[in-house]
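The basis for the numbers below is simple: all heavy atoms, side chains too, and nothing from hydrogens, waters or symmetry mates. The structure displayed is predicted, hence computed values, not measured ones.
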Amino acid sequence: MKYTTRQKAILLLSDGTIFHGKSIGISGTTFGEVCFNTGMTGYQEIFTDPSYFGQLMVATNAHIGNYGVNDSEVESQSIKIAGLVCKNFSFNYSREGASGSLEDYFIKQNLICISDVDTRALVSYIRDNGAMNAVICTDETPIEELKASLAKVPDMKGLELASKVSTTEPYFFGDENATYKISALDLGIKTNILRNLAKRDCYIKVFPYDSSYQDLAAFNPNGYFLSNGPGDPEPLSGAIQVAKEILENNKPLFGICLGHQVIGLANGISTYKMFNGHRGINHPVKNIITGKGEITSQNHGFAVNKEELDNHPDLEITHLHLNDGTVAGMRMRNKNCFSVQYHPEASPGPHDSSYLFDQFIENIKG
């Protein structure tokens, strides 16, 4: 194997901490909030997940790129992360079903990546000091210049990002002759959510993030869905209003991740930015209703307020995250509405929570 020399690169955190590594060959700088994902597989699904828009992803798995990429294993039409930080970047790959290398995939979409980083030390640092803004630089831009640019990057708290990833025009997914019709508000929807709904005999019309309740209701759906997505939920006043009107009209409603937070806000429950967030395909959750445990796929940096939820007369907690006790799911006592903070459509990942899509269909039937 031919030995090649690679350009030095750095990751600069907003508190001034620097981690050193090497460029994979794509020159430039990229900014975002640095966070880490604990999944061992599924890097392509992670990179294309709209919920990661604006974030620099640290991969905790030691090898990234070793099984290449596959055109069918995407959650959107393009890479959504702002940049990648990893330990070992595999330029070569070994997989029968691969359609190309991760290097070529990054080159086509100009995704800047720094490898050969001590990711164990970096993740430990983030866990102790919290998620923060950072910059990856692979072109030798002076440190002081990077610090000045990084200081201008807005904090994720208060940042509305759904508009950056939502569809601009409505579109359909599934069989138009399906039994159930679903209106889905796209705040950054993952393709596998649509696949799971279509697999359960649903025909889905996906609407832009700024659509009104009247827009969604005009499809005459059997149920409504609020999707996952990036950023802070609080600035999404339009989506919050849509959720309120769906509930006022007593329609079946299901929300995932950002959609879960929007439903909370529509009921007067506040949200907050977490210290680190939850990102990975190995997070333990307890279903309070059944008493069963679930291993789940998660990706969120915000959560609903548990104390306020406990004291709300019309809401009850249905799922709890077992690592830190945060709210992982809730339902309304007086409405046909439930939501979860995690991803039951996990692909790849655990299928423990796929029953939630069946529950949505049962709620529609009921």
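K273 has no carboxylate O lying under 4.0 Å from a charged side-chain N of D155, or vice versa, which leaves the two without a salt bridge. Ion pairing of D358 with R200 is present here, as a side-chain N (NZ or NE/NH1/NH2) and a carboxylate O approach within less than 4.0 Å. A salt bridge links K306 to D310: one of the charged nitrogens lies within less than 4.0 Å of a carboxylate oxygen.
Between H319 and Y342, the ring planes are perpendicular. Angles over 60° get that label, and only those under 30° would be called parallel. F357 and F254 have perpendicular rings, their planes meeting at more than 60° on a 0 to 90° scale where under 30° would count as parallel. Between H283 and H278, the ring-plane angle classifies as tilted under the 30° and 60° cut-offs.
For Y171 and F173, the gap between ring centers reaches or exceeds 6.0 Å. In this structure, Y272 has its ring center at least 6.0 angstrom away from the ring center of F302. For an aromatic pair to be called close, the ring centres must be under 6.0 Å apart, and Y52 with F47 fails this.
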> Can you list the steps and then say if S78 with K80 is a side-chain hydrogen bond (donor to acceptor under 3.5 Å, both in side chains)?
Replying inline: CA-CA 6 Å; S78 63; K80 293 299 188 292; 2.9 Å; yes

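Atom CD1 of residue I269 and atom CG of residue D314 lie 9.5 Å apart, to the nearest 0.5 angstrom. Rounding to the nearest 0.5 Å gives a distance of 5.5 Å between OG1 of T29 and CG of D139.
Counting only N and O atoms by type, the side chains of Y125 and D15 include a donor and acceptor under 3.5 Å apart. Judged by distance alone, the side chains of E103 and S101 never bring a donor and an acceptor atom under 3.5 Å apart. Inspection of the S353 and E294 side chains reveals an N or O donor paired with an N or O acceptor under 3.5 Å.
For the residue pair I189 and N228, the shortest heavy atom distance occurs at CA-OD1, 3.5 Å.
Each of E96, R95, Q44 was checked for a side chain to side chain contact (heavy atoms under 4.5 Å, CB included) with Y67, and the lone residue meeting it is R95.
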